[in-house]
Student: 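Supplied in structure tokens, the structure appears directly below.
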Amino acid sequence: MCIRDSCRNKATNDMEGFLDTATQLCIDWGYWGLFLSAFVAGSIVPFSSEAVMVVLVRLGLDPALCLLAAATGNTAGGMTCYWIGTLGKTEWITRLGVSTRQLARARKFLSGRGALMAFFAFLPTIGEAIAIVLGLMRSNVWLTGSAMLAGKTLRYIVVLATFRGALSLF
């Protein structure tokens with residue numbers, strides 16, 4: 001085995017160990033831990049708040065309170081992405097290879113319905129980008145937050161329903 005592969009494997013194992021520890025800590029903290037894990041997952045840091053929620057419900061915590069903690073935490077994390085977008089400047093984005101013409105077309109496409117597109121901020125990978133672009137465009141913060149909360153709540157409802165449906169099979 002090459003030295004690079006050995007270092008890569010060690011880094012992967014270290015990261016997995018950290019994520020396991022962080023997940024366990026969130027579970028130990030109950031609803032606050034779920035809120036924190038959902039906040040982190042809603043921001044630009046990858047984390048699985050769904051797993052924390054499922055474990056907590058399985059341990060007997062109230063599913064409605066878990067839903068509340070997860071949805072509000074994840075929305076708060078998503079709104080940090082929105083805030084990051086409000087700090088951005090068009091010049092920074094054009095340096096990343098996006099032309100001003102492309103930005104103008106995106107703004108035109110999202111105008112009038114931009115804030116409501118925050119509903120889709122629950123989507124993996126692209127959700128953070130949606131929130132950042134909405135912040136960059138200075139979409140209405142209240143509409144953005146409300147639409148984001150609706151989408152993220154629906155996602156957690158689906159996760160809980162799927163989990164409960166899977167349990168009924170056993």
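Computed from a prediction, not measured in an experiment: that's the story for all the values here.
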Student: Among residues at least two apart in sequence or on other chains, which ones pass side-chain hydrogen bond (donor to acceptor under 3.5 Å, both in side chains) with Thr75?
Tutor: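 For Thr75, no residue satisfies side-chain hydrogen bond (donor to acceptor under 3.5 Å, both in side chains) once neighbours in sequence are set aside.
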
Student: Give the minimum heavy-atom separation between Thr153 and Ala71, together with the two atoms involved.
Tutor: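 For Thr153 and Ala71, the tightest heavy-atom pair comes out as OG1-CB, 3.3 Å.
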
Student: At what distance, to the nearest 0.5 angstrom, does CG of Leu136 lie from OG1 of Thr86?
Tutor: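 Those atoms lie 9.0 Å apart.
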
Student: When rounded to the nearest 0.5 angstrom, what is the spacing between CG in Leu116 and OG1 in Thr144?
Tutor: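 Atom-to-atom, Leu116:CG and Thr144:OG1 are 8.0 Å apart.
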
Student: side-chain contact (heavy atoms from CB on, under 4.5 Å) with Phe122: which residues, sequence neighbours excluded?
Tutor: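 side-chain contact (heavy atoms from CB on, under 4.5 Å) check on Phe122 returns Phe119, Phe120, Lys152, Arg155.
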
Student: To the nearest 0.5 angstrom, please state how far the CG atom of Leu68 sits from the CG atom of Leu34.
Tutor: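 It is 9.5 Å, given to the nearest 0.5 Å.
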
Student: Considering only residues two or more places apart or on different chains, which pairs with a residue in residues 60-80 satisfy salt bridge (Lys or Arg N to Asp or Glu O under 4.0 Å)?
Tutor: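 Every pair satisfying salt bridge (Lys or Arg N to Asp or Glu O under 4.0 Å) with a residue in residues 60-80: there are none.
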
Student: In terms of hydrophobic clusters joined by side-chain contacts under 4.5 Å, are Leu149 and Val159 together?
Tutor: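 Different clusters.
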
Student: How close do Ser49 and Asn74 get, counting heavy atoms only, and between which atoms?
Tutor: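 Looking at all heavy atoms of both residues, the closest pair is OG-ND2, 4.1 Å.
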
Student: Does a donor on one side chain and an acceptor on the other come within less than 3.5 Å for Thr80 and Ser43?
Tutor: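 No, no side-chain donor-acceptor pair sits under 3.5 Å.
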
Student: Find out if a path of hydrophobic residues (ILVMFWY) with successive side-chain heavy-atom gaps under 4.5 Å connects Trp83 to Phe39.
Tutor: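 No, because Trp83 and Phe39 fall into different hydrophobic clusters, even though each may have its own neighbours under 4.5 Å.
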
Student: List for me each residue that meets side-chain contact (heavy atoms from CB on, under 4.5 Å) alongside Val141, sequence neighbours excluded, and say none if there are none.
Tutor: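 For Val141 the side-chain contact (heavy atoms from CB on, under 4.5 Å) partners, ignoring immediate neighbours, are Met79, Tyr82.
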
Student: Return each pair, listed once, that meets salt bridge (Lys or Arg N to Asp or Glu O under 4.0 Å) where at least one residue sits in residues 140-151; pairs must be two or more places apart or across chains.
Tutor: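 Qualifying pairs: none.
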
Student: Rounded to the nearest 0.5 Å, what separation is found between the CD1 atom of Ile132 and the CE atom of Met137?
Tutor: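 Those atoms lie 14.0 Å apart.
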
Student: Given the rule that I, L, V, M, F, W and Y join up when any side-chain heavy atoms are under 4.5 Å apart, are Leu61 and Phe35 in one cluster?
Tutor: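 Cluster IDs for Leu61 and Phe35 differ.
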
Student: Let me confirm one number: the CG-CG distance from Leu134 to Asn140, rounded to the nearest 0.5 Å.
Tutor: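 Between Leu134 CG and Asn140 CG, I get 10.5 Å after rounding to 0.5 Å.
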
Student: Answer yes if Val158 and Val54 sit in the same cluster of Ile, Leu, Val, Met, Phe, Trp and Tyr residues linked by side chain heavy atoms under 4.5 Å apart, and no otherwise.
Tutor: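 Looking at the clustering, Val54 is in a separate group from Val158.
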
Student: With sequence neighbours excluded, give me every salt bridge (Lys or Arg N to Asp or Glu O under 4.0 Å) pair touching residues 29-39.
Tutor: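 Salt bridge (Lys or Arg N to Asp or Glu O under 4.0 Å) check on residues 29-39 returns no pairs.
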
Student: Could you measure the distance from the CG atom of Leu59 to the SG atom of Cys66? Nearest 0.5 Å is fine.
Tutor: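 Between atom CG of Leu59 and atom SG of Cys66 there are 9.5 Å.
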
Student: Among all residues two or more places apart in sequence or in another chain, which pass the side-chain contact (heavy atoms from CB on, under 4.5 Å) test with Ala131?
Tutor: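 Per chain and number, Ala131 pairs via side-chain contact (heavy atoms from CB on, under 4.5 Å) with Cys81, Met148.
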
Student: How would you list, by chain and number, every residue that makes a side-chain contact (heavy atoms from CB on, under 4.5 Å) with Leu160, sequence neighbours excluded?
Tutor: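 side-chain contact (heavy atoms from CB on, under 4.5 Å) list for Leu160, sorted by chain: Met53, Val57, Pro63, Leu67.
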
